[in-house]
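Along the sequence shown, the residues carry numbers beginning at 1. Note that this is a predicted model, so its numbers are computed, not measured.
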Amino acid sequence: MVRYRDAGRARNAMDTPRAIISHLLARPASLAELGAATGVSLPTLRRAVADLQRARWVRIVGRAEPTGGRPANLFGIDAVRHAVVGVHLEHPGMRLVATDLVGEPLDEFVPEGLADLEPDAVHTHVLAYLERVRTVFPGRRLLGVGLASPGFIDAATGTVVAISRVPSWHHLPLPQRLSEASGLSVTIGNDVDALAALEFGANGDARSYAYLGLVEGVKFSLFLDGRPYVGPFGNAGLVDLRLLAAGAADDARGLLTVHGLPQRYLARAGASADPRVLAAAEGHERFLAVLRAGEAGDAHAAELAAVMTGVLAAQVASLVLLLQPELLVLGGALAGAPERVLADLEGAARRQLPTLLDNALRVRRARTVSPSAAALGAARVFVRRFLAGDGTSLSVLGDPRA
């Protein structure tokens, strides 16, 4: 495929084919709309679209609304040709998904017996999963792999610098190693940032907004004037639990993870623990079961949930005072929380805000609750970075076996 650049006018210095695909990921468009979005001349645009159709990146998906003449063709993503793999390194365990180019899930897999997630296990399972995707979807061309991980990640090299709760993960060039073994492009980013990428998709705007993710800790994914801010170590917005819970009763930092809250509840409730909590799988499911038990009247669960929301509310209020976001999304494990828990969290945060900021702030829960959300988000981040690449011809990128 030929690379096109029209007098340097393609937006954000993105070459024309990539700019077309990026725009169509958000919504179908006519040639006129693509011309306005990319800033290139009509002849250049026609050639680029024709090449993308032949390579099955885009296709005609309908007709524009008539305006008196012949309705224009609407172009959209051809979602049946390409695939992307997303991986969430959950520590413990990992989750792998395959998606099409627009992010729709095609397949998912959770390896068993990975209580301690070692780098070699990640390498082995990712390569095995790539073979699985090639076998199950022989007509698709793999573009690459997006990894989502907790911890500190060198934004320039993709090296996992450190994960505080997993000491063995230290200065690991995981994406480079996987890329060399697979022949594919591999990206890596923070897992909460991946959740936020899935939440907002291609619909970000010029406002400042934030995504609060509670997983194995608390992190705000930050969007400043619509652009994600990750910082030099890939996890800007991370809140140290020791600072977050400083001065709080009941060692509140132990309540601010998906595993910590259920552990504290079971230790306190003992034989009187709600059987639905005992029956729930560890992780998000058990965390949410504790919150539901509190809403149903379990005194131990209700008290612990109140401490958790009180500490989180103080941090939310601090963030709003500092950055003045117009939107805050409550996500991670909180995405599936009972309405009353989120209402208590929001109310406690708003009571600590000045009226001006309180009135300007919108708060809502995340739309996606799936346990595969971070892996799906990692695949979406990969596509975004892939399209913002160095301009290498799209025809030479992706699965060397396709």
For the residue pair [X] and [Y], establish whether any side-chain heavy-atom pair is separated by less than 4.5 Å.
X    : Y    : value
V383 : L143 : no
R132 : D107 : yes
V85  : Y129 : yes
V133 : F109 : no
R46  : V49  : no
V186 : L147 : yes
I21  : I77  : yes
S182 : L142 : no

Mark yes when over 12 heavy atoms from residues, nucleotides or ligands other than [X] sit less than 6.0 Å from its [atom1]; otherwise mark no.
X    : atom1 : value
F233 : CZ    : no
R364 : CZ    : yes
F152 : CZ    : no
R63  : CZ    : yes

Please step through side-chain contact (heavy atoms from CB on, under 4.5 Å) for the pair L89 and V160, ending with a clear verdict. CA-CA 12 Å; L89 308 179; V160 179; 5.9 Å; no
Mind checking the [atom1]-[atom2] spacing from [X] to [Y]? Nearest 0.5 Å is all I need.
X    : Y    : atom1 : atom2 : value
M308 : D344 : CE    : CG    : 9.5 Å
D51  : T16  : CG    : OG1   : 11.0 Å
F287 : E282 : CZ    : CD    : 14.5 Å
E104 : T99  : CD    : OG1   : 8.5 Å
R276 : L288 : CZ    : CG    : 13.0 Å
I188 : T159 : CD1   : OG1   : 8.5 Å

Work out which heavy atom in [X] is nearest to a heavy atom in [Y]; give both atom names and the distance.
X    : Y    : answer
P262 : V258 : CD-O, 3.1 Å
G86  : A378 : CA-CB, 4.4 Å
T257 : G217 : CG2-N, 3.7 Å
L178 : H123 : CD2-ND1, 3.5 Å
V218 : L256 : CG2-O, 3.9 Å
S272 : D298 : O-OD2, 4.4 Å

Between R27 and E33, does a salt bridge (charged side-chain N to carboxylate O under 4.0 Å, His left out) hold up when you go through it step by step? CA-CA 11 Å; R27 60 185 177 279; E33 292 169 329; over 6 Å; no
When F223 is tested against each of Y211, Y229, F200 for ring-ring contact (aromatic ring centres under 6.0 Å, His included), which residue passes? F200
side-chain contact (heavy atoms from CB on, under 4.5 Å) between D78 and Q53, worked out: CA-CA 8 Å; D78 188 339; Q53 284 181 281; over 6 Å; no
Do the side chain of [X] and the main chain of [Y] share a donor and acceptor less than 3.5 angstrom apart?
X    : Y    : answer
R286 : A281 : no
R81  : G139 : yes
R140 : D100 : no
S179 : L184 : yes
K219 : A236 : yes
S372 : A375 : no
S208 : D225 : yes
T368 : S370 : no
E131 : A128 : no
T124 : D120 : yes

Judged by modelled atom types alone, do [X] and [Y] share a side-chain donor-acceptor pair under 3.5 Å?
X    : Y    : answer
S221 : D193 : yes
E216 : H259 : yes
Y265 : D274 : no

Show which side-chain atoms of residues 319-341 pair as donor or acceptor with protein atoms under 3.5 Å away, not counting sequence neighbours.
residue	atom	partner	partner atom	Å
E339	OE1	R365	NH2	3.1

Using a strict threshold of under 4.0 Å (side-chain N to carboxylate O), is an ion pair present between R351 and D358? no
CA sep, side-chain torsions, deciding dist, call: L278, L266, side-chain contact (heavy atoms from CB on, under 4.5 Å): CA-CA 8 Å; L278 295 171; L266 293 173; 3.6 Å; yes
Give the intermediate values and the outcome of side-chain contact (heavy atoms from CB on, under 4.5 Å) for residues V161 and W169. CA-CA 8 Å; V161 178; W169 282 67; over 6 Å; no
W57 and H82 aromatic ring geometry - parallel, tilted or perpendicular at 30°/60° bounds: parallel
